[in-house]
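Report on the structure given below.
Just so you know, ligand 1 is whichever comes first in the structure, and atom 1 is the first atom listed for that ligand.
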Amino acid sequence: MALIFFTIAYVSNPKIIFVTIRTRFAPSPTGYLHVGGARTALFSWLYARQHGGTFILRIEDTDLERSTAESVDAILQGMTWLGLEYDEGPFFQTQRFPRYQEVIRQMLKDGQAYHCYCSKERLEILRTEQMARKEKPRYNGKCRQGVANPPAGVMPVVRFKNPHDGVVVVEDIIRGRVVFQNSELDDLIIARGDGSPTYNFTVVVDDMDMNISHVIRGDDHLNNTPRQMNMLKALGFTPPVYAHVPMILGPDGARLSKRHGAVSVMQYRDDGYLPEALLNYLVRLGWSHGDQEIFSIDEMIKLFDVTQVHSSAAAFNPEKLLWLNQHYIKDGDPKHVAHHLSHHLGKLGIDPSQGPDLIEVVKAQRERAKTLAEMAINSAFFYRNFDSYDAKDAATHLKPEVEKPLTQLRESLAALPRWEAPTIHDAVSGVAEAQGLKLGKIAQPLRVAVAGRAISPPIDVTLTLLGRDKTLERLDAALEHIRIQPVTA
Ligand code: GLU
């Protein structure tokens, strides 16, 4: 079943041809979506979006041993969380085997491919001899002209007839012109003995059928590109434009990997990052626009220029990502931040509907959290009682001498006609004054009483959000705590 896509639109003047931009992200589902993959997905998505094009998701799952359903889920989840919505797909290569077989049959018929019966042993000997002569190991084309007497019982592989002469020129929009000699490329296996198609071949058929105009992918695929271009040309398809994105390095200059910390997109979500912070970080990794650091999605679409991506590898800087995250927590739409915060509260077993309006909590907390995971921990006390006080804060602030002012405060809070920040503020400062205490001397014990520790938003905001009943309940518990403390000399 061939997929039918339209890429070329003829308008009234037939000489003008508009090529529709079609990009794709084509992950192999052999693990989670990592930041390198997310970056190429973002670049492809931006390219499609800025040209009114189409962004396609294709799951390259032909490696049956390494591909897993969990990885597919993780990739789809990662794309959704990042907001990189795709216009077509996800297409699964494993569902396209009949189409690959069809193209293989056609190529055999047209003489662009041939059956090769060479045994593993023969290829191994060939390889050893070539290595001994210090030549690059490659298939020597023994079966290329046809095999008069095919050996019985051998399931042949199918090889592509790569041109012998000339060059393949990749006009890469990031790396510039890269030239490959055809004499360096041997006849690639496109179908194994069991008939299953190989990786480079399925990419070719898909890029052709899906009418891909721009392939933006990691530069670890650059060596596959001349082979894929030769096959595309043999199939009568003009190869797409290629952009090979350099890899991401860890802060130590080695290829970014798990040992540098989180590399999975969903790990960043779990660590309390906002998707726009990660996207903003990734767009700036190896690309710049003057000295601008903050890019909204709309600005990325408007300003990102894939041709200006640096051709050298970029180093990952977790500090900068954290800085961006803090920025988006602080300046983002509180409703949006609240939506993401609720995930983290959920992980703590908290149902945010059982307490103050989460948007108001975000507004109160956003100045003092670098991650949403941290904000969730800091906000838990609004939604559930805590089991114990921070030991150090309780020792410092819940001392016998605050029993009297806290008791007086409890009464005055209980008697407030309205539970609002200004009236609460007046009550706290009124008691401080009456007791001859500085505001902090009563606000800090009050904070430990209601929040369990000496960190919380401004005390009037904290109490407003917490509500009168819980405030009084916790003040009672704190007074009890003070009373039962062993008296220390
Ligand atoms: N499936 C390949 C990968 O995950 C990508 C191939 C491509 O983009 O052409 O690395």
Do the numbers put Arg96 on top of the ring of Phe91, so that NZ or CZ is under 6.0 Å from the six-membered ring centre and no more than 45° off the axis? no
Can [X] and [Y] be counted as having a side-chain donor-acceptor contact under 3.5 angstrom?
X      : Y      : answer
Asn182 : Asp165 : no
Glu276 : His336 : yes
Asn378 : Arg453 : yes

Main-chain N/O of His244 paired to Asp172 side chain as donor or acceptor, under 3.5 Å: yes
Contact residues of ligand 1, where a non-hydrogen atom lies under 4.0 Å away: Arg24, Ala26, Pro27, Ser28, Glu60, Tyr199, Arg217, His221
What pairs meet the salt bridge (Lys or Arg N to Asp or Glu O under 4.0 Å) rule with one or both residues in residues 297-313, with sequence neighbours excluded? none
